[in-house]
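So that the names make sense, note that chain A is the first sequence line, chain B the second, and so on, each numbered from 1.
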Number of protein chains: 2
Amino acid sequence: MEDRFFKNIPHRTIERLSQYRRALQIYSDKGKTSIFSHQIAALLHITAVQVRRDLMLIGYSGSLRKGYDINDLITLIGELIDSPDGQKVAIFGMGDLGRAIINYFRGKREKLKIVAGFDTNPEKANHEVAGIHCYPLEKTAEIIGKEGIKIGILTVPGDQADETVRIMVEAGIKGVLNYTPTPVEVPDDVYLEEYNMISSIEKVAFYVKERQ
Amino acid sequence: MEDRFFKNIPHRTIERLSQYRRALQIYSDKGKTSIFSHQIAALLHITAVQVRRDLMLIGYSGSLRKGYDINDLITLIGELIDSPDGQKVAIFGMGDLGRAIINYFRGKREKLKIVAGFDTNPEKANHEVAGIHCYPLEKTAEIIGKEGIKIGILTVPGDQADETVRIMVEAGIKGVLNYTPTPVEVPDDVYLEEYNMISSIEKVAFYVKERQ
DNA sequence: TTTGCACTGTTAAATGAATAACAAAATGGA
DNA sequence: TCCATTTTGTTATTCATTTAACAGTGCAAA
């Protein structure tokens, strides 16, 4: 029995595919219809070989001397990484960061929709925040279940991270993106991605220091 | 002539060191004074071997059966990744995301200080935003030069990214962390790190989909 | 004491990812 | 028509990173 073929696509390639799509959309918006591997590469600060190799892995062929058809490629990447029926996302913590993500996202992804927010603050709960309905945290299980939400973004203050993620997982969330400064624990069947802004800034600071 | 010994430390290790420090501080705040490699590993969802290997690379030794001294290790990591005299950071774009980062950062890093914000919005310019003085974008060269700021975080709307980063680089910024959805260009002597939230969410969504 | 356990530190092997090398083919110009 | 150029697609190689294997050692319990 063969796995779906893109099961063996490297993680790094998956990450880049998402970035390719975004870059392609920018090009598409400028009225372009085709693009060379070296142009994609320049946008993402990688090599043209890597772009071609990634596209080879997903089975897309360009045409010699014309490059890749932008719309076809956007479509194909969508078929690979999007869910055909779409996926719903909830934001836990409607502070600055939660709002920033909502605004960032607005209208960008058809197949991936932020449909609910949760917050303990009664000022926010039961109101619209940045156009998204915000529920009190106690309603998590109910709403997550009813809406079939599987993906949660964690943007609460660090000291509430553990407790919030526990509630999320219990309610049925299967993928967590943790923007909190506190590392969290999830069961094996939940995909977890941690991102720490402070570490990113420290990394930039480190390499700036090292280069001088 | 030997390079400073940590020139050959893998990039991934550098990233993890910053994360180790944060995890150690959480442990330290709980009153603990020493920690085992497998405890650090559990916090960061990696293996104990990797932790020990990373610590070996930076030349730190724990003691058998007691593990690592938390304070010593925090200090050593600081000596490696921090600049002794500190580094100043500016935020370009004082929207939700800019404010979120400022609040995130507050009081967390002694050697890395956000000292200025820039925004084109005259409502914000010349006021304090989240405790940081916000200047109009035209003042970039003046303030960056005067303060000796070398690190800039880009949180403007996507369509202003290119122009803003041009101004940053011209003013003397040597490290850029781009949180904008638009990839930018910088000269070779400027360290650039791009982070795209949408790609991160897409990645989580992809692996959630794949696991079902 | 001595034995077994629970750790660390280090070298060796395996895996994963990026780069290099190059064949093949379409195009435009001589 | 044929050649030089430009670009893709793919295999081979190199490089980077993680994981495995295991030696060494202090401590605790018998």
Side-chain angles (χ1 to χ4, degrees), chain A residues 3 5-20 23-24 27 32-70 72-73 76-77 80 194 199 203 206-207 210, chain B residues 3 5-20 24 27 32-70 72-73 76-77 80 193-194 199 203 206-207 210:
Chain A
D3 277 346
F5 77 94
F6 48 90
K7 286 276 182 179
N8 352 315
I9 292 184
H11 286 214
R12 292 296 184 77
T13 296
I14 294 292
E15 291 178 19
R16 281 191 296 268
L17 285 174
S18 161
Q19 291 160 12
Y20 293 163
L24 289 170
Y27 249 68
K32 306 278 170 63
T33 59
S34 66
I35 190 169
F36 296 127
S37 59
H38 67 260
Q39 294 176 299
I40 299 178
L43 286 168
L44 302 220
H45 316 296
I46 58 177
T47 67
V49 183
Q50 182 142 80
V51 173
R52 291 204 300 276
R53 213 177 181 294
D54 285 340
L55 298 188
M56 184 193 86
L57 289 173
I58 66 173
Y60 183 69
S61 290
S63 44
L64 224 53
R65 317 256 330 177
K66 283 207 195 105
Y68 303 93
D69 183 279
I70 291 180
D72 286 358
L73 190 43
L76 177 58
I77 292 175
L80 282 178
E194 308 248 5
S199 286
K203 189 178 160 199
F206 175 80
Y207 285 112
E210 287 308 291
Chain B
D3 276 346
F5 76 92
F6 48 89
K7 287 277 184 177
N8 349 315
I9 291 186
H11 286 215
R12 290 297 183 78
T13 296
I14 295 292
E15 291 179 18
R16 281 190 298 266
L17 286 173
S18 161
Q19 291 160 12
Y20 293 163
L24 291 170
Y27 250 67
K32 305 278 170 62
T33 59
S34 66
I35 190 168
F36 296 127
S37 60
H38 66 261
Q39 294 176 301
I40 300 178
L43 286 168
L44 301 220
H45 317 296
I46 58 177
T47 67
V49 183
Q50 181 144 78
V51 173
R52 292 205 298 277
R53 212 177 182 293
D54 284 339
L55 298 188
M56 185 193 84
L57 289 173
I58 66 173
Y60 183 68
S61 289
S63 44
L64 225 55
R65 314 253 334 173
K66 282 207 196 105
Y68 303 94
D69 183 278
I70 291 180
D72 285 359
L73 189 45
L76 177 59
I77 292 174
L80 282 178
E193 174 111 357
E194 308 248 5
S199 288
K203 190 179 159 196
F206 175 80
Y207 286 112
E210 287 306 292

I want to check one thing: is the phosphate of [N], taken as OP1 and OP2, less than 4.0 Å away from some side-chain N or O of [X]?
{"X": "A/S63", "N": "D/dT8", "value": "no"}
{"X": "A/S61", "N": "D/dG9", "value": "yes"}
{"X": "B/R52", "N": "C/dT8", "value": "yes"}

* Among C/dT19, D/dT17, C/dT10, find the nucleotide with the atom closest to the side chain of B/V49. => C/dT10
* Asked: So which nucleotide from D/dT17, C/dT8, D/dT7 ends up closest to the side chain of B/L64?
  -> C/dT8
Expressed in angstrom and rounded to an integer, what is the separation of [X] atom [atom1] from [N] atom [atom2]?
{"X": "B/L57", "N": "C/dG9", "atom1": "CG", "atom2": "C1'", "answer": "11 Å"}
{"X": "B/R53", "N": "C/dG9", "atom1": "CZ", "atom2": "C1'", "answer": "11 Å"}
{"X": "A/M56", "N": "D/dT10", "atom1": "CE", "atom2": "C1'", "answer": "6 Å"}
{"X": "B/R16", "N": "D/dT19", "atom1": "CZ", "atom2": "P", "answer": "9 Å"}
{"X": "B/L55", "N": "D/dT18", "atom1": "CG", "atom2": "P", "answer": "14 Å"}
{"X": "A/K66", "N": "D/dG9", "atom1": "NZ", "atom2": "C1'", "answer": "17 Å"}
{"X": "B/D69", "N": "C/dC7", "atom1": "CG", "atom2": "C1'", "answer": "16 Å"}
{"X": "A/Y60", "N": "D/dT10", "atom1": "OH", "atom2": "P", "answer": "14 Å"}

* Which comes earlier along DNA chain D counting from the 5' end, the contact point of A/G62 or that of B/Q50, where each point is its nearest nucleotide? -> A/G62
* Earlier contact from the 5' end, DNA chain D, for B/H11 and A/S37 -> A/S37
* Do we see a donor-acceptor contact under 3.5 Å between the side chains of A/S34 and A/D69? -> no
Taking all non-hydrogen atoms of both residues into account, name the closest pair between [X] and [Y] and its distance.
{"X": "A/I40", "Y": "A/L73", "result": "CD1-CD2, 4.5 Å"}
{"X": "B/L17", "Y": "B/I58", "result": "CD1-CG2, 3.7 Å"}
{"X": "A/A41", "Y": "A/A48", "result": "CB-N, 3.5 Å"}

* Asked: Do A/Y207 and B/E193 pass the side chain to side chain contact (heavy atoms under 4.5 Å, CB included) test, and can you show the C-alpha distance, the side-chain angles, and the key distance before you say yes or no?
  -> CA-CA 10 Å; A/Y207 285 112; B/E193 174 111 357; over 6 Å; no
* Is B/R65 side chain donor-acceptor paired with the C/dT8 base, going by distance under 3.5 Å alone? -> no
* With a non-hydrogen cut-off below 4.0 angstrom, is A/T13 in contact with a base, only sugar-phosphate, or nothing? -> nothing
